[in-house]
Enquirer: 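Encoded as structure tokens, here's the structure I'll be asking about.
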Amino acid sequence: MADRSLLRRVILRSTPLGTVFALGKSRVLTCEEGRHLYSSTGCEKKLEPENEKTTISKKGNWYALPPFTPSVDGAALGKTIAHRQTEKKHKASDTTSTSTMTALKWVTRCCPELPRSLVQKLFRLRQVRRDSYNVEVQQRQLKRVAAKDLMNSGDRIVLPVSIQKVPSAKTDSTFSEEEMKFLHSMVLFKDPAVIVVNKPPGMPVQGGIGIKRSLDELAAKYLRFDDSESPRLVHRLDRDCSGILVMGRTQLSATTLHSIFREKTLEASEYDLVSKRRIVRKTYWALVIGSPRRSKGIISKPLGKVVVDNGKSDRITVVDDVQSSLAQYAVTEYEVIGSSCYGYSWLELSPLTGRKHQLRVHCAEVLGTPIVGDYKYGWQAHRNLKNPGPSALTWDHNEGLPEEGLDPFSLNLGNGSILDKQPRLHLHCREMVLPNISLALQRAKSITDLDLEDVKTIKFDAPLPSHMQKSWDALGS
């Protein structure tokens, strides 16, 4: 009995942290900064919970993370923003929830330097504890916690002291002034919640096999602007596609944006496409081979992934059977904004859903006009295409060339127009309209009735990349 009382005093002796862990308002402490030391040296007894006996202390120490504080539920807020045209006012409590915060998420958020694989292993080995208040016995108790268990307000996660010996994740210590200037020149807009960049063609958005430098890695290095958190991706652009890319500057804003983009796709499959008010609008420009039969229209064709080359690769294609498990609803608005006697057309494309390679497949397989530089879905059209050559087109050879030294990642930004032997992909996200996420988050945290009607939208514009501008000028568009 005396040992149990001693153990209880040991557990409760840490003092609460003064930092409020509401995302967007204060810095999330690192694991080393935020965890409190639970000294249990010499305690070898067991605490007997209601259902089982659990050894909670061994020789050594335990570390406790900061207490969990409920914050705005980004997923719920994003859904509220996406549906604001039909539901004008919402209670702030509708966007504040602890139901989505699991023990695993809380550990990875408080300890970003710990490898995720290690954290998952600690949960699998049942070495993670939760210090929570038990209403029935009117006292705090330390029990094992599973990775998917939901956190309650005031709960503390306790980790074994062995994590202190884990080396921090390796960081790239090299810093290039030229790379930083290049990344900063891409920024179109930033506020406390989001950062918007004009992605150049040829730069992969996310790392993977065979990719040495990606935008998410470079953003974490050069686009933090002294913030404690790195920008997070909330949507994707193909490697060879260029234009507007939005990133969340905090975990909360990223979750909110994720939810908004997801609801955008879901709404397109459930409501009238013409009269529906759209909270998110994307506009792409594309140069295609040929010309659509109609000058404008709406493409509503489901897409699915098929495996080719004996399983070595895959591609997206139109799925005729809408009931197929492979079919994903996909809708695109298009309009011809220019045409040329040389067999090219400029299209304005507005995807109402966000499917992989949606615009490229809809242009190639539905309209019959593959995008210039899209050899995956339009290789046959490129094979039969006759390049008129520079002499047949109007173009100033000295116009639009990048200045020397402004291509630190060897993207060859000056090449790839229709004048070149092998044009690069002519698909560019030129315009995007988003709700003011920063203002929405401020209101969600500060008021009782969440009136989103006054949360205005923000419009972003990205100029054409060099190769598309050259093609535009050469065709006299």
Side-chain angles (χ1 to χ4, degrees), residues 82 205-206 208 235-241 243 258 260-276 278 280-337 339 343-385 423-429:
V205 170
Q206 200 167 22
H235 68 112
R236 303 289 188 271
L237 285 179
D238 293 342
R239 178 174 186 162
D240 294 321
C241 182
H258 266 301
I260 291 175
F261 282 110
R262 182 172 58 251
E263 290 299 317
K264 165 181 170 286
T265 294
L266 293 176
E267 283 185 357
S269 63
E270 297 175 357
Y271 298 98
D272 178 25
L273 299 177
V274 177
S275 61
K276 182 70 174 177
R278 296 164 196 161
V280 177
R281 297 191 297 276
K282 294 181 183 179
T283 302
Y284 288 75
W285 278 17
L287 181 63
V288 299
I289 302 172
S291 180
R293 293 182 179 180
R294 297 181 179 179
S295 60
K296 64 179 180 179
I298 296 179
I299 305 170
S300 179
K301 290 289 185 179
L303 303 177
K305 182 169 69 173
V306 295
V307 179
V308 295
D309 297 333
N310 296 323
K312 296 180 180 179
S313 61
D314 58 67
R315 58 181 288 145
I316 307 299
T317 186
V318 172
V319 179
D320 295 327
D321 183 8
V322 296
Q323 303 299 327
S324 171
S325 59
L326 299 177
Q328 288 187 317
Y329 191 75
V331 185
T332 302
E333 282 185 332
Y334 75 92
E335 181 176 1
V336 178
I337 58 176
S339 58
Y344 299 99
S345 298
W346 287 98
L347 300 185
E348 184 176 87
L349 305 168
S350 298
L352 307 188
T353 53
R355 307 302 184 189
K356 181 179 179 181
H357 295 175
Q358 174 178 322
L359 300 181
R360 296 165 62 181
V361 176
H362 275 175
C363 285
E365 296 190 13
V366 180
L367 296 180
T369 56
I371 299 175
V372 172
D374 188 357
Y375 304 102
K376 185 179 184 73
Y377 299 105
W379 67 272
Q380 188 66 40
H382 285 83
R383 185 179 180 181
N384 300 329
L385 183 65
R424 68 195 316 166
L425 185 67
H426 281 57
L427 180 61
H428 176 73
C429 184

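The figures that follow rest on heavy atoms only: side chains count, while hydrogens, waters and symmetry mates do not.
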Enquirer: What are the two closest heavy atoms between Lys356 and Leu303, and how far apart are they?
Expert: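 In this case the closest contact between Lys356 and Leu303 is O-CD1, 4.4 Å.
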Enquirer: Answer with yes or no whether the side chains of Ser295 and Glu335 bring together a donor and an acceptor at under 3.5 Å.
Expert: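 Absent: no donor and acceptor within the cut-off.
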Enquirer: Any idea which heavy atoms bring Thr283 and Ser350 closest together, and the distance?
Expert: OG1-OG, 4.0 Å
Enquirer: Check His357 against Asp238 and note the closest heavy-atom contact, atom names and distance.
Expert: CD2-OD2, 3.3 Å
Enquirer: Quick one: closest heavy-atom pair of Leu237 and Val205, and the distance?
Expert: O-CG2, 3.3 Å
Enquirer: Is any side-chain heavy atom of Tyr375 closer than 4.5 Å to a side-chain heavy atom of Gln380?
Expert: no
Enquirer: So, Arg315 side chain and Lys376 main chain: donor-acceptor pair closer than 3.5 Å or not?
Expert: yes
Enquirer: Does a side-chain heavy-atom distance below 4.5 Å link Pro351 with Gln358?
Expert: yes
Enquirer: Do Tyr344 and Val372 come close enough that some side-chain heavy atom pair is under 4.5 Å?
Expert: yes
Enquirer: Looking at every non-hydrogen atom in both residues, tell me the closest pair between Ala327 and Val319 and how far apart they are.
Expert: CB-CG1, 4.0 Å
Enquirer: Check the pair Thr369 / Leu347 against side chain to side chain contact (heavy atoms under 4.5 Å, CB included), numbers first and verdict last.
Expert: CA-CA 10 Å; Thr369 56; Leu347 300 185; 4.3 Å; yes
Enquirer: Looking at CG of Leu349 and CD1 of Ile337, how far apart are the two atoms once the value is rounded to the nearest 0.5 Å?
Expert: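 The CD1 atom of Ile337 is 8.5 Å from CG of Leu349, to the nearest 0.5 Å.
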Enquirer: Do His428 and Tyr284 pass the ring pair (Phe, Tyr, Trp, His ring centres under 6.0 Å) test, and can you show the C-alpha distance, the side-chain angles, and the key distance before you say yes or no?
Expert: CA-CA 5 Å; His428 176 73; Tyr284 288 75; 8.3 Å; no
Enquirer: Measure the shortest side-chain to side-chain distance between Glu348 and Tyr334 over non-hydrogen atoms and say whether it is less than 4.5 angstrom.
Expert: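 Not in contact.
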Enquirer: Starting at CG of Leu352, measure out to OG of Ser300 and round the result to the nearest 0.5 Å.
Expert: 9.0 Å
Enquirer: Going from CZ on Arg424 to CG on Asp240, what distance comes out if it is rounded to the nearest 0.5 angstrom?
Expert: 7.0 Å
Enquirer: Taking C-beta and beyond as the side chain, do Leu367 and Val288 meet within less than 4.5 Å on heavy atoms?
Expert: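 Not in contact.
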Enquirer: Is a side-chain donor or acceptor of Thr353 paired with a backbone partner of Val331 at a separation under 3.5 angstrom?
Expert: yes
Enquirer: Do Leu427 and Cys363 make a side-chain contact, defined as non-hydrogen atoms from C-beta onward lying under 4.5 Å apart?
Expert: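 No. Closest side-chain heavy atoms not under 4.5 Å.
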Enquirer: How far does CG of Asp314 sit from CD1 of Ile316, to the nearest 0.5 angstrom?
Expert: 6.5 Å
Enquirer: Between Ala330 and Arg355, which heavy-atom pair has the shortest distance, and what is it?
Expert: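 For Ala330 versus Arg355, the nearest heavy atoms are CB-CG, 3.8 Å.
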Enquirer: Could you walk me through whether Asp374 and Trp379 pass side chain to side chain contact (heavy atoms under 4.5 Å, CB included), step by step?
Expert: CA-CA 7 Å; Asp374 188 357; Trp379 67 272; over 6 Å; no
Enquirer: Hey, does Ile298 have a side-chain heavy atom less than 4.5 Å from the side chain of Thr332?
Expert: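 They are not in side-chain contact.
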Enquirer: Check whether any side-chain N or O of Glu365 sits under 3.5 Å from a backbone N or O of Val318 as a donor-acceptor pair, and report yes or no.
Expert: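 Pair found, side chain donor or acceptor close to backbone of Val318.
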Enquirer: Rounded at 0.5 Å granularity, tell me how far CZ in Phe261 sits from NE2 in His235.
Expert: 4.5 Å
